Every structure is written in structure tokens, then in C-alpha cells.
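Heavy-atom basis, side chains included; hydrogens, waters and symmetry copies ignored. Remember, it's 1-based here, ligands and their atoms both numbered in the order they're listed. Predicted model, so just to flag it, every value in this text is computed and none were measured.
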Amino acid sequence: MPSALPVESIKLLSGQHHKPSIIRFQYGTAGFRTTASILDSVLFRVGIVAALRSKKLDGRTIGVMVTASHNPEPDNGVKLVDPRGEMLEASWEVHATTIANASTADDLVDALEVLVQTAKIDLHAPFWPSLVAALEDGFKAMGATARNAGVTTTPILHYLVRSINTKGTKYSYGEDTEAGYFAKLSTSYKKLVTGKAVQPPLVIDCANGVGALAAKTLNESLGNTLELVLENASTTTPGALNNACGADFVKVSQKIPPSLANVLQPGQRACSLDGDADRLIYYYLDDRGAFHMLDGDKIAALVAAFIIELVKVAGLEEKIKVGVVQTAYANGASTKYLQERLPVKCVSTGVKHLHHAAERYNVGVYFEANGHGTVLFSQPTVDILAEYQPSTPAQSRAVEHLVSLTELINQTVGDALSDMLLVEVVLTHKSYRGEEWDSLYVDLPNRLAKCSVPDRNAFKTEDAERRLVSPPGLQARIDELVLRYQGGRSFVRPSGTEDVVRVYAEASLKSQADELAMRVAGLVYDEAGGDPTSRPKEFL
Ligand code: 16G
Ligand code: MG
């Protein structure tokens, strides 16, 4: 049977986007990520995969995000967004990987045929107007229509995808423009803080990324309800992106970006976005000028406690159950704090895992310690809120607030700007400064290390990445070591984005957490083999 794929145009255009021969690409935790200079063939092929995904889903809009995210500027990536604004379905990650690795144009066509057959894609289905940035040749090869969303944040792309796909339906998510996004956020924020004292200005470190452009527009839409002071907003300076600034820098180094040292006043709160504005980390300097970080775990604690309180005041405790999703990286003290108040589930690292687990709750709060996260309200919960007849003014206010939260909080993916407004709402309502928020619980000292090993795939985990099943025997040695440390906890997992194995450890004292991490890393190196002189000196 002749192929229904436009084989000629695929082959022709594929000739302009050769795959580098020795490289193996992998659709990992957040898409294809590697040095931008070798990604050309991947982008072309992602264009084709996106077009096929859209065909498979009856012409619905698929999103494609090209971003360095939290990484150094040359370290780029591309990922796909499914119609409801969520991450690409897992089974398609495998197809995307195979397709990206086909070595010749013929192999590429063969790999595409396999996808068309296995996924039962009807290539004659029509395309509806689609949204896609760059990748034009991939679309051209497939004859797909694309809409270029321009330079924007990852969460705005997710917002647009869902808005386009729900346009004109009873589940319309919002107007399918950036203006629609900002209007939705600022209108709900204003409702939530009406009648409350305005917070002092908030400093935002924009990581010199696209969040700067979005934060500027947001600042204008918010008017005098909140003043945002934009720092690290140089989006066109080469090399500035995520360099000594941004959410990842703050989380990993546990320090204020040097560029903010003379900006931030004692007592003042600030936050850092990452390069594509889907991570958020807060911090403040205390009266003595010491730095305190408020990471994704602290955000989860603040927000979950606030939502539970609203649900209770509204009188909806029986009908609306709130739950939290975390990963193994969540600080043990945060897990304890949350478990005392509501159900907490631990899942594997990566937004897609948290998101899916959070969808199982009526209201699912999910945050990774690194600042990715959001709060999901299930459709039945949204319906309950819409139909509820409150019997007191206090109940009625609480329900209005909950409804506004469903508008304020990005329902498609973690969104640093939306999360930032959510945090500001809670701080406003509770009259908290950074200090009161920080005192909800005290973080256990912790340490993260990474080990370069010959084969990270030799490390396999279970129990939401908290335990190793392979290499055999290694987990038992880690367990034995952990027992010797007060409040000790440690786990080892292969990274999904870098060719390394990560080690996390926490203990009651900082020196003990450091020591535990180093000793577990030592076990990893002992097990993994390889050249002993390539180990960092602390493991020798
Ligand atoms: C990616 C993930 C993030 C995860 C991180 C782990 C998304 C959008 N991003 O940045 O959620 O925490 O990878 O990296 O899913 P690792 O596997 O290298 O530790
Ligand atoms: Mg990011």
C-alpha cells in the first residue's frame, strides 16, 4: 500500500536537516535537551511528530516549546505540549526518541510509518489552526498549519494551547491570546486582594529570560495592587541567561544572586524565575542581612494550608478533599508538616508525574523543591464551587476566594508568575512577611551531589525513586550508612536530564548531611567503576 505520509517532501526537507551521526538523542524528563548547535535535525523531526500528534488527536492544537529553561544559554531544548496544556503523553516520548535517532532520510520515513501504524493515525484527518513556533520545515513537510506564539514563557504556551482547544466550549479556558492570559491573572488577583493592605514592592529576578517580558506586562496589568521591581531583565545580552541568577542558581547554591546584593533590603522579599518562567523560588534577607530561601516545599506548605482553611471556612470540608504531591527531594521537614494536615503522595521527579498524581485529588497541590508546581482543581470541584449556596457572609467570601483561585492558578502546568501571585495572595491575607512564612517549619539541612559514572542506566529505582533496585546490594549499603546519622535520609537516582547520577542526603546537622552525601556518593563510585582518578577529590 502506498504510504499516506508525504514521503517526498519529508525526504527533501530532511536533506536540509541532517542528523549528526554519532549522537543519540533522548526525549527525557522535559523533552530533548542538549547543545543547541546539534539540535537542528531534532527540531525538524519534532515538527513532524507534532503534526502527527495533532492528526492523531483530530487536528487539535499541539504546542512546541523551544527553550533553555533553567540551563546555561547554549544548552537548549525542545518539548511538546498536549492539547489540554499538559506534557506529551509518555508513550509518544518513545516514538519521538526513535524518530529523532533515525540515521538517514529512509530510516526516518520508516520510523514515521511505524508511528502512523502503531498509533493508528488517520493522515487524511483535517488540520485545525495549530500553534507551533519555529520548526516550520517539519510542518511544511506535513502540510500542517502553524501559529507562532512568538517569544513567550513556557506556561503561557501551555495556556494558549488549552485556550485554543477549548475555545467556544463550556470549558473555555480563556481568551487564546497573551492579553487574555494577563487579564485572567490580574483580574483574579485583584479580586483576591480587594480590601486588603497592599504588600510592599516585590523584587523579581527574571534570570535574564523571557519571564522579564511577561513580568513587565503583568506589572502593568496589576496597576497599584502590587508593585513588581524587575531585576536581571536583560533578555538580549548574550550569555546572561540563567548566569549567576535565576531559580536554579538560588536553589542549588542556596545564595542570593550577586546582582541583587545591593538591591534587596533587610526584611524585603524577592523571588527568582528560571529562564522560561516555570520555576519559582522566594527568599528574603532577615534583619541581620542573612539569606533565607523559601523553595517549592515552602510554597506548597503555605498554599496548601491556605486552601484547606478556605475550604473549611466555606463549609465544604466534606465535599472537597485537598491533597499534596511531592518528590523524594522534598525536605523531610516539609513532608512532616504537610502530613500532619492532609494526605501527601510521593512520586518520581518531573512535572508530568506530579501533575498526573495531583489530578487524582479534588484539589491537588504539587510542587517540586526546585520550584516547579501548581494547584489543580478537578472539574467536579469547580462545579461544586459554582453551584454552592453559602449560608453566611464568611462562607460566601471563602467560596468567592476559592473560585478566584481557580482562575488565578495556571491549571495546565506550573507557572512561576501565576504561582508568584498565589504566594502574594496568601501573604496578603495572612499579613505574613518572609519571616513568618519561613517559620511554618524549619528545613532539615541537606546536600545534593552528582556523580559522573560510566553508565547511569545501570542505576534503577523503585518506590518513587527513593530506593535503588540496581546495582544489586547498593541500597542495603546505603541503608546501613543512613542509620548512623541522626535524622538521616538519602537516595540515589539517575538524572533524567544530564549524564550523571544524583545523590541527595539530609540529616539533623548540616555537617552530617554533607558527610552522608559524600559517603553515599563514594559508594556510588565504588559500585560504578570507571576511572578512579576522574572522581571529584572529596570522593578519592
Ligand atoms: C526537568 C523537569 C523538572 C525536574 C528536573 C530533574 C519538567 C518541566 N522539568 O527540569 O521537573 O525536577 O528535570 O532533573 O518536567 P534531573 O532528572 O536531571 O534531576
Ligand atoms: Mg524551566
Open item on the list: Taking R53 first and then D82, would you say they form a salt bridge - that is, a charged N and a carboxylate O separated by under 4.0 Å?
Closed with: yes
Task: L241 CG to C206 SG distance, which is reported to the nearest 0.5 Å - done: 11.5 Å
- [ ] Walk me through it: do Y485 and E515 pass the test side chain to side chain donor-acceptor pair (under 3.5 Å)?
- [x] CA-CA 9 Å; Y485 290 82; E515 189 183 299; 2.6 Å; yes
- [ ] Can you list, by chain and residue number, the protein N, O or S atoms under 2.8 Å from the Mg ion (ligand 2)?
- [x] S69 OG, D274 OD2, D276 OD1, D278 OD1
Open item on the list: Tell me whether R466 is salt-bridged to D463, with the criterion being a basic N under 4.0 Å from an acidic carboxylate O.
Closed with: yes
TODO: Check whether any N or O atom of N370, backbone or side chain, sits under 3.5 Å from an N or O atom of ligand 1, and answer yes or no.
DONE: yes
Open item on the list: Would you call the rings of Y159 and Y181 parallel, tilted or perpendicular, taking 30° and 60° as the class edges?
Closed with: perpendicular
TODO: With rounding to the nearest 0.5 Å, note down the distance linking CG in L226 to CG in L421.
DONE: 7.0 Å
Task: Which residue and heavy atom of the protein sit nearest atom 2 (C) of ligand 1, plus the separation - done: T29 CG2, 3.9 Å
Task: For T349, the ligand 1 atoms whose distance to one of its heavy atoms is below 4.0 Å - done: 4 (C), 6 (C), 12 (O)
- [ ] Please identify which atoms of ligand 1 are closer than 4.0 Å to at least one heavy atom of H372.
- [x] 3 (C), 8 (C), 9 (N), 11 (O)
Open item on the list: I'd like to check which ligand 1 atoms, numbered from 1 as shown, lie under 4.0 Å from a non-hydrogen atom of H70.
Closed with: 10 (O)
Open item on the list: Assess whether a salt bridge exists between E359 and R84, defined as any Lys/Arg side-chain N lying under 4.0 Å from an Asp/Glu carboxylate O.
Closed with: yes
Open item on the list: I need the nearest protein heavy-atom contact for atom 3 (C) of ligand 1: residue, atom name and distance, please.
Closed with: E368 OE1, 3.3 Å
- [ ] Please determine if D479 and R467 form a salt bridge, counting it only when a charged side-chain N lies under 4.0 Å from a carboxylate O.
- [x] yes
Task: Heavy-atom nearest neighbour in the protein, as seen from atom 10 (O) of ligand 1, with distance rounded to 0.1 Å - done: R279 NH2, 3.3 Å
Task: Proximal ligand 1 atoms for R502, defined as those under 4.0 Å from one of its heavy atoms - done: 16 (P), 18 (O), 19 (O)
Task: For atom 15 (O) of ligand 1, closest protein heavy-atom neighbour - done: V351 N, 3.1 Å
TODO: Any atoms of ligand 1 less than 4.0 Å from a non-hydrogen atom of M87? List them with their elements.
DONE: 8 (C)
Task: Residues R456 and D499 bridged, charged N to O under 4.0 Å - done: yes
Task: Exceeds 12 heavy-atom contacts within 6.0 angstrom, atom NZ of K510 - done: yes
Task: Aromatic Y173 / basic K184 pairing, under 6.0 angstrom, 45° off normal - done: yes
Open item on the list: Under a 4.0 angstrom heavy-atom cut-off, which atoms of ligand 1 come close to R493?
Closed with: 16 (P), 17 (O), 19 (O)
- [ ] Return the residue, atom name and 0.1 Å-rounded distance of the protein heavy atom closest to atom 13 (O) of ligand 1.
- [x] T497 CG2, 3.4 Å
TODO: Run the numbers for me: atoms of ligand 1, each under 4.0 Å from some heavy atom of S495, listed by number.
DONE: 16 (P), 17 (O), 18 (O)
Task: Sub-3.5 Å N/O-N/O distance, E498 and ligand 1 - done: no
Open item on the list: Less than 4.0 angstrom from a charged side-chain N to a carboxylate O is my criterion; do K450 and E498 meet it?
Closed with: yes
Task: Heteroatom proximity flag, G496 to ligand 1, N/O under 3.5 Å - done: yes
TODO: Check whether NZ of the Lys or CZ of the Arg R341 lies under 6.0 Å from the centre of the six-membered ring of Y337 and within 45 degrees of that ring's axis.
DONE: yes
